[in-house]
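Comments concern the structure below.
Sequence lines set the chain letters: A, B, ... in the order given, protein chains first and strands last, and positions in each chain run from 1. Bear in mind the structure is a predicted one, so any value in this text is a computation, not a measurement.
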2 protein chains.
Amino acid sequence: MTVVPGPNKARSGVTLRDIAEKVNLSVSAVSMALQDHPRIGSDTRLRVKGMAKTLGYVPNSAARALRVRTAGAIAVIVPNTSQHVFGHAYFMHVLTGVTQVANEKDAQVIISTNPDESHGMAAYERVIRSGSVDGAIVTSAAVQDNNIGDLVSSGIPVVLVGRFPYFPEAVSVGVDDEAAAYAATEHLILAHSRTSLLHLSGPLDHQSAIDRRNGFIAAADRHGIVAEVVLGDYSEDSGRVAVEAIHTIRHTVDGIFAANDEMAFGAMTRLAELGHTVPAQISIIGFDDFGLSRVTSPSITTMHVPVEEMARLATERLFGLIAGDTVTPQDAHAILPVTLVERQSCGC
Amino acid sequence: MTVVPGPNKARSGVTLRDIAEKVNLSVSAVSMALQDHPRIGSDTRLRVKGMAKTLGYVPNSAARALRVRTAGAIAVIVPNTSQHVFGHAYFMHVLTGVTQVANEKDAQVIISTNPDESHGMAAYERVIRSGSVDGAIVTSAAVQDNNIGDLVSSGIPVVLVGRFPYFPEAVSVGVDDEAAAYAATEHLILAHSRTSLLHLSGPLDHQSAIDRRNGFIAAADRHGIVAEVVLGDYSEDSGRVAVEAIHTIRHTVDGIFAANDEMAFGAMTRLAELGHTVPAQISIIGFDDFGLSRVTSPSITTMHVPVEEMARLATERLFGLIAGDTVTPQDAHAILPVTLVERQSCGC
DNA sequence: CATAAATGCTTTAACGTTAAAGCACCCTCT
DNA sequence: AGAGGGTGCTTTAACGTTAAAGCATTTATG
C-alpha cells in the first residue's frame, strides 16, 4: 500500500441517484422499486434492480438510519472494563448467541464496553442516545447498577441477561440460580453422602452470587448439614485462597460447591498442592460450564448455564421489543433450565 | 414493562435545533460552538455548551455520519460462521485489544461475521460498502480468501491480523510462526533430547498452519531428526485421532509439537487413555497459549502468541490509515515476538 | 479617516434516503 | 359520457448535521 489520500478514497459511492440516472427515473421511483412498492410497475422494478446489481449498489446506512429513524443495529453492553470482561468465556457465548440472531435479522452488533467515566456519560448511554442502535442487550451487570435503571426507564428497548429483581419492569432472560445451587448442593449430600460442606461464593453485588449462595444454604439447612460460606470474587485465585483459609480452621470439609468453575478450579488445584485428593476425600462442584470445567484433571462437575441460548432468546425478545411487541409483567422474565453435568470432581 | 408503542418511543431526541431555540441562535452557530469553532465568541460557546449539557444533547450519529462521511466505527471481520469462530478463545483476545484502542478513540466496534452467502454479497462487504464503518480489522482468514483481496484493493482501510504473503500490499500485524515453530521443535530436541518427532498440523489453507509446519520440518531437518507430520484441523478431536493413528504405525514417537493447544490437549488426553505418560515418555508442546494450556494437567508447554497486543497494534494502525497515514511497503507488515512458555507437558 | 481585516453570527446548501402528496393517464362502470 | 378508481410515476419535503459563503459590526492599519 502506497498512499491513502485524505480521509476517504473512491469508496463504492453508488447512490440511488446514480441508478436513477441510468434508468431515467426519479430517485424516489428507484427507492420504491427496490422496496417492491406496489405502485411501481414490475418491468420497471426489474430494470431498477438489475441496474442496482450491476452497479453494486449498497444503501447508505447513515442516510437510511437518519430517514427512517432506526439504526438496524443493536448494542451488547458490558458494564465493566473490557479487559476484565472478555476474560470471562461467558462473554464469548453471549456474543455467539447475539450475533446468530442479529445476523438472521440483518442487524449489526456493536460492542459497548464501559471503559471509564471520563466522558461524563456512560459510554453505552452515548451509544444509545446517539441513535446508533435500536436496542441493547445488557450482560453481567451488578445488582443495582443505576445505569440499567436509567436505560430501562428511558424507553429504549433493553433486554437484560440474568436475573434482576431490582428491575421488575425490565425484560430479562435468566436462570434459576437458586434452584440450581440447591440441586448441586443436594447432589453432594445425597449422591455422595457429603456431610460437611463449603460454599465458595461470588461477589454479592451480583445477583447470581446471591442466588447461588442462598440455594446452597437452603439445601444444607433442609438436610441438616454442616455448611459454611466463604466469600470469593469469581477468580481462580480466590478459590485457592478460600480453601487455604478454611483448611487451617476446620479439617472436616468433604464437599465444596463453588459459585463458578474458576473458583472450583482454584480450590481444586490448591487442595491438590496441599495433599488432598479430589474427589476421593473432597467432592467439588462448580458452576457455569463455560469451557474450563471440561478440560481440567479431574474434570469439574458443574451446573451448565445455557448462556448461548439465553443470549439468543434475549436477542429475539429484543427484536420483538424493537418491533413494538408489548410485554406483560408475567412473561417479562424468562427463566431457562440449568442442568447438572456430572464429571469427575464430585466422584461420579 | 407494559406497552412499547410503535417502533419508537420518546427517545432522547434533543437536537441542535432544540438547543438553538433555547439560546436564540442559529443551528449552525450551535454546531460551531460545540466544535469550538474559532469564529464563535467564548461567551456564546459556554452558553451553548451549558444548554447542551442540561438538555442532555447527544449528537445523532446517523446525521453526522451522513454529513461528514465517516462513521466513527470500525468493523471486526471474522470470515467464518460465528459459531465456529467464537469457539476459539483467540477471538476474545482480539476483541479485547480492538475495543481497548477503539474506546480510546471514541469509536464503535461492530462485529461482522460471515454467516453464509445467502445474501449474495459477503456480509462484511455490505457492512463496509454501506458506510457503517470507516475501516476493518480482518482476523483468522484463509490464505487466499478472495474477499480480502477485494477488500484491500477497494481502498477501504483494512488491517489484517496474521501473516498474509498473498496480499503484500495489505497492512498486517502478525507473528513469525515459522521461527516460533522452529524454536518449539528445537526445544524438544535440545532441551529434552527427543529424537522422533511428530507434528500435528493445522489446516493448510491457513498461513499459520503452513508456517508452523515449515518451522517444524526445518528444525527437524537441521538436527537430522526423525519427523512426521499429521494433518489436523485445530480441533481437540483431531489431536486425539492423530495420535491414535500414529500409534498403530510407529511406536517410537517421543515428542509431539502441535500447531495449537487444543490439538495438543486432544493428543495428550488420548495418549493418557492409551497408557502413555506425558511428559515422561512423550514430550508435548502446543501453540497459542490462549487459556487452555495453563489449566490442563499436565499443563501444556506452548508458544505464547500475543494476540491482544497484535489486535491493539492492528487497531492503532487502522486508525492511522483512516486518518490518512501513508504506509511504505517495508513497514506494512509488523511482526510481534512469540515466546516459549515452559510448562509441564514437555518435561521442563 | 478611509479602507482593510478580524469577529460573530446567519443563510444556504448538501449528505442519501424515504414517505406523502400530487399528477397524469387509462380503465371501468352506470 | 362523465364520475370514480386504479396505475405508474414525479415532486416535495424531511431526517440532523456541518461546511462554505454571506453579511453586518467592530477593530486594526497605512
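Listed pair A:Arg69 / D:dG16 meets the phosphate criterion, a side-chain N or O lying under 4.0 Å from OP1 or OP2. One finds no side-chain N or O of A:Arg64 lying less than 4.0 angstrom from the OP1 or OP2 phosphate oxygen of C:dG16. Look at A:Arg17 and you won't find any side-chain N or O under 4.0 angstrom from OP1 or OP2 of C:dT17.
Contact annotation: the side chain of B:Phe164 never approaches that of B:Val152 to less than 4.5 Å [non-hydrogen atoms, C-beta and beyond]. Using a 4.5 Å cut-off on side-chain heavy atoms (C-beta onward), A:Phe167 and A:Val158 make no contact. Counting heavy atoms from C-beta outward, A:Thr315 and A:Val159 have side chains that stay 4.5 Å or more apart. Contact annotation: the side chain of A:Gln100 approaches that of A:Arg312 to within less than 4.5 Å [non-hydrogen atoms, C-beta and beyond].
One atom, CG of B:Asn24, and another, P of C:dG8, lie 18 Å apart when rounded to the nearest Å. Here the P atom of nucleotide C:dG16 and the CZ atom of B:Arg129 are 14 Å apart, to the nearest Å. Atom C1' of nucleotide D:dT17 and atom OH of B:Tyr57 are separated by 7 Å, given to the nearest angstrom. One can place CG of B:Leu16 at 13 Å from P of C:dT10, the figure rounded to the nearest angstrom.
In this structure, CD1 on B:Ile128 lies 11.5 Å from OG on A:Ser61, to the nearest 0.5 angstrom.
The side-chain contact (heavy atoms from CB on, under 4.5 Å) with A:Leu313 is formed by just one residue from the set A:Met310, A:Arg317, A:Glu309; it is A:Arg317.
Ranked by how close their nearest DNA chain D nucleotide is to the 5' end, A:Val27 and A:Ser42 are led by A:Ser42.
At a cut-off of 3.5 angstrom, the base of D:dA14 holds at least one donor-acceptor pair with the side chain of A:Arg67.
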- prompt: Taking it one step at a time, do A:Asp18 and A:Tyr57 satisfy side chain to side chain contact (heavy atoms under 4.5 Å, CB included)?
  reply: CA-CA 9 Å; A:Asp18 299 324; A:Tyr57 170 74; over 6 Å; no
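Of the candidates D:dC15, D:dT18, C:dC9, D:dC15 carries the atom nearest the A:Leu66 side chain, counting heavy atoms from C-beta on. For B:Ser26, the side-chain atoms get nearest to C:dT11 when compared with the rest of C:dT11, D:dG16, D:dC9. Closest approach to the B:Val68 side chain among D:dT18, D:dC15, C:dT18 is made by D:dT18 (side chain taken as heavy atoms from C-beta onward).
Looking at heavy-atom distances under 4.0 Å, A:Thr15 makes contact with sugar-phosphate atoms alone, never a base.
Contacts of residues 28-40 of chain B with DNA chain C (heavy atom under 4.0 Å): B:Ser28, B:Ala29, B:Met32, B:Arg39, B:Ile40.
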